[in-house]
Structure formats: structure tokens, C-alpha cells
Amino acid sequence: MKKERLDKILAHEGLGSRKDIRKILRKYEVLVNDQRIYDPSFGIDTENDKITIDDEEIKLHEHIYLMMNKPQHTISSNKDGEHQTVFDLLDDSFKTPYLQDKLHLVGRLDMDTEGLLLFTTDGELTHRLISPKSHISKTYLCCLEHSETDEHQKEITQLFEKGIEVGPEDNDEGFLCEPAFIKWINDSTAHLTIYEGKYHQVKRMFVAVGNKISFLKRISMGQLLLDENLGLGEYKYLDETDLEKLV
């Protein structure tokens with residue numbers, strides 16, 4: 001098995017730049033399989049070696065997968081000159097030179113949309129999830145500006161299931177949506193499941209039926225649900241069980 005440099009591995013885990021890692025090796029007791037290591041180029045078997053720093057084990061991740069409960073008024077980007085971004089909400093350990101080049105978003109949410117947002121260093125997973133061929137479901141909690149009668153709810157349901165035509169917005173042309181599925185909670189609130197993610201799609205779908213979104217929150221991708229224990233702006237690591245729910 002090919003071994004990876006210790007400094008690269010620790011940088012990947014968000015402990016700093018490679019220069020920072022050299023300082024850590026001098027200042028703290030870094031052990032690999034109980035052997036004290038000073039050499040930043042020391043080779044690591046990521047599947048079998050145990051790394052500790054001052055008796056605290058470093059859990060190695062081949063890739064990083066994070067779920068965030070995105071708040072409103074934040075931009076789904078890593079840089080913005082005027083507004084707070086979702087990357088600003090991450091701990092400094094995720095802002096090392098290594099991770100700044102690798103950590104990215106899986107899709108986006110509009111500035112005023114809350115809810116489930118994924119970060120990863122796994123480009124293959126990202127491509128699979130955002131590819132139009134994948135048909136990964138995304139479900140949103142939709143609160144509407146005005147209530148709908150039972151009769152119009154049924155009409156909207158049928159139009160969405162058939163595939164509704166939405167009009168142009170900004171520089172984006174109109175398009176025919178793929179079939180989508182709505183579950184009404186009350187006369188002005190619903191869960192909407194779509195299988196694509198075009199520009200302002202959910203908002204434009206409701207405009208097309210004579211209503212507007214007053215609040216929008218993504219609550220799931222595939223079978224992966226937004227963790228209800230995450231406050232706005234909070235995030236957590238995903239494990240293998242979570243990732244299986246995305247496919």
C-alpha cells in the first residue's frame with residue numbers, strides 16, 4: 001500500500017499548513033503506533049496506523065463530509081466581498097491551505113434559503129450527486145405567501161407531477177421541470193420533492209401557479225434528513241451510514 005506523508009495527513013485533518021505541522025511535531029508528543037515521530041515526511045498507512053498527539057487519537061478521514069444547517073442571509077460560496085458565506089461559519093481548522101483547495105459545496109442554496117447543505121473533499125461523490133442523470137431527490141419545506149384552496153392544491157399537485165413549465169428569471173431561460181411531488185401540510189405549507197436543482201427552481205414553480213415562497217428550507221437529500229439537533233449555522237461530520245442514504 002502506498003503511504004502518505006505525515007504532514008500531508010495532518011494537514012488534511014485540518015491541523016494547519018505543513019509548516020504548522022512541523023511546529024506541532026517539535027512542540028507536542030506525536031506518536032505513530034506508539035513511536036515518537038519528528039520527521040514530517042514519515043510514511044503513514046492510513047488504514048492501519050494509529051496517530052496520537054499528546055495522547056489524543058487523530059481519526060483519519062480519506063475524505064471529509066459535513067452536513068450544515070444553513071441559515072438565511074449567508075452565501076453558498078467560499079468568498080463574497082459583501083455577505084457572510086457558509087465557509088465563514090466553519091471552524092478555522094477547515095481553512096488550512098490544503099482544505100481551502102479541496103473542501104467544496106455539493107450544490108448550493110439561495111441566500112435566503114435555510115437547511116441541509118453538504119461540504120466534502122470527495123469530487124466523485126459531488127459529481128454523482130449533482131449529475132442530472134442521478135435523479136437524487138431533494139425535499140423542501142415550502143411556506144407560501146397566501147393560502148390555497150383544496151381545489152387549487154389538487155390542481156398544483158397535478159401540474160407539478162406532470163412537469164410544470166416555468167418562466168425566465170434574470171438571465172436564466174424558462175424550462176420544463178421534471179415531475180415533482182408535493183405533500184400539503186396545510187393550506188399554505190407543503191413539502192416539495194424535486195429531482196433537479198435549477199436556478200431558483202422551487203420559487204419559480206410556485207410563481208408559475210400564482211403564488212410565492214415566503215420561507216424555504218431544504219430538509220433532505222435522497223434519504224439523508226437534516227439533523228434536527230443542528231442549530232442554524234451548526235454542522236457535523238457524516239459517517240458511512242449517512243452517506244449510504246444519499247444514493
Side-chain angles (χ1 to χ4, degrees), residues 1-2 4 8-9 11-14 46-47 59-70 74-80 85-91 93-111 113-140 163 166 169-181 192-205 216-227 230 234-247:
M1 169 178 288
K2 179 183 177 182
E4 297 283 359
K8 179 180 178 181
I9 292 298
H12 186 182
E13 296 303 317
T46 57
E47 292 187 3
K59 298 294 186 181
L60 301 183
H61 305 84
E62 180 181 0
H63 285 293
I64 290 176
Y65 306 93
L66 301 175
M67 170 195 291
M68 176 181 282
N69 184 4
K70 176 192 173 296
T74 54
I75 303 294
S76 295
S77 172
N78 59 0
K79 291 182 181 180
D80 187 271
T85 77
V86 293
F87 283 86
D88 293 332
L89 301 175
L90 297 177
D91 186 80
S93 62
F94 294 102
K95 299 172 185 176
T96 65
Y98 177 87
L99 289 178
Q100 283 181 335
D101 291 338
K102 301 291 184 182
L103 191 63
H104 59 271
L105 295 172
V106 182
R108 300 165 61 89
L109 288 176
D110 296 339
M111 182 176 179
T113 300
E114 292 185 5
L116 175 57
L117 188 64
L118 299 181
F119 299 74
T120 188
T121 56
D122 187 346
E124 183 177 337
L125 175 69
T126 301
H127 177 73
R128 187 165 74 246
L129 292 179
I130 67 175
S131 171
K133 298 179 181 179
S134 297
H135 293 280
I136 301 296
S137 64
K138 292 171 280 288
T139 298
Y140 295 81
V166 303
E169 183 173 334
D170 298 332
N171 294 322
D172 198 75
E173 297 180 352
F175 62 92
L176 178 64
C177 296
E178 293 185 9
F181 302 93
L192 177 66
T193 300
I194 62 175
Y195 294 86
E196 51 193 337
K198 297 184 178 179
Y199 180 68
H200 288 178
Q201 179 173 342
V202 173
K203 297 174 183 177
R204 293 161 75 181
M205 289 173 69
L216 188 62
K217 180 175 184 176
R218 184 157 65 193
I219 59 175
S220 71
M221 292 180 66
Q223 299 301 311
L224 180 66
L225 302 178
L226 176 64
D227 189 333
L230 288 178
E234 294 182 344
Y235 55 91
K236 70 171 189 177
Y237 280 102
L238 298 180
D239 58 25
E240 288 296 326
T241 301
D242 295 320
L243 296 177
E244 290 173 359
K245 297 176 182 178
L246 285 169
V247 296

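One-based numbering along the sequence shown. What you see below is based on every heavy atom in this structure, not just the backbone, and it leaves out hydrogens, waters and symmetry mates. Worth saying up front: this structure is predicted, and the values here are computed from it rather than measured.
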Closest approach of [X] and [Y], non-hydrogen atoms and distance?
X	Y	answer
Cys177	Phe175	SG-CE1, 3.5 Å
Leu118	Met221	CD1-SD, 3.9 Å
Tyr235	Leu89	CE2-O, 3.5 Å
Arg204	Asp172	NH1-OD2, 2.8 Å

Applying ring-ring contact (aromatic ring centres under 6.0 Å, His included), can you list everything that pairs with Tyr195, at least two apart in sequence or on another chain?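 Here no residue qualifies.
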
Run the side-chain donor-acceptor check on residues 196-203: report pairs under 3.5 Å with partners two or more places apart or on a different chain.
{"unit_1": "Glu196", "atom_1": "OE2", "unit_2": "Glu178", "atom_2": "N", "d": "2.6"}
{"unit_1": "Glu196", "atom_1": "OE2", "unit_2": "Gln201", "atom_2": "NE2", "d": "3.2"}
{"unit_1": "Tyr199", "atom_1": "OH", "unit_2": "Asp170", "atom_2": "OD2", "d": "2.4"}
{"unit_1": "His200", "atom_1": "ND1", "unit_2": "Glu169", "atom_2": "OE2", "d": "2.6"}
{"unit_1": "Gln201", "atom_1": "OE1", "unit_2": "Lys198", "atom_2": "N", "d": "3.1"}
{"unit_1": "Lys203", "atom_1": "NZ", "unit_2": "Asp110", "atom_2": "OD2", "d": "3.2"}
{"unit_1": "Lys203", "atom_1": "NZ", "unit_2": "Asp112", "atom_2": "OD1", "d": "2.8"}
{"unit_1": "Lys203", "atom_1": "NZ", "unit_2": "Asp112", "atom_2": "OD2", "d": "3.3"}

Approximate separation, where rounding is to 0.5 Å, of Leu238 CG and Thr120 OG1: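 Answer for the CG-OG1 pair, Leu238 versus Thr120, is 8.5 Å.
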
Do the rings of Phe94 and Tyr237 sit parallel, tilted or perpendicular, given the 30° and 60° boundaries?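 The rings of Phe94 and Tyr237 sit tilted, inter-plane angle from 30° to 60°.
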
Heavy atoms, side chains only, cut-off 4.5 Å: are [X] and [Y] in contact?
X	Y	value
Leu116	Met67	yes
Arg218	Leu226	no
Leu125	His63	no
Asp242	Tyr65	no
Thr85	Asn78	no

Residues which pass side-chain hydrogen bond (donor to acceptor under 3.5 Å, both in side chains) with His104, listed by chain and number, not counting sequence neighbours: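 side-chain hydrogen bond (donor to acceptor under 3.5 Å, both in side chains) list for His104, sorted by chain: Thr126.
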
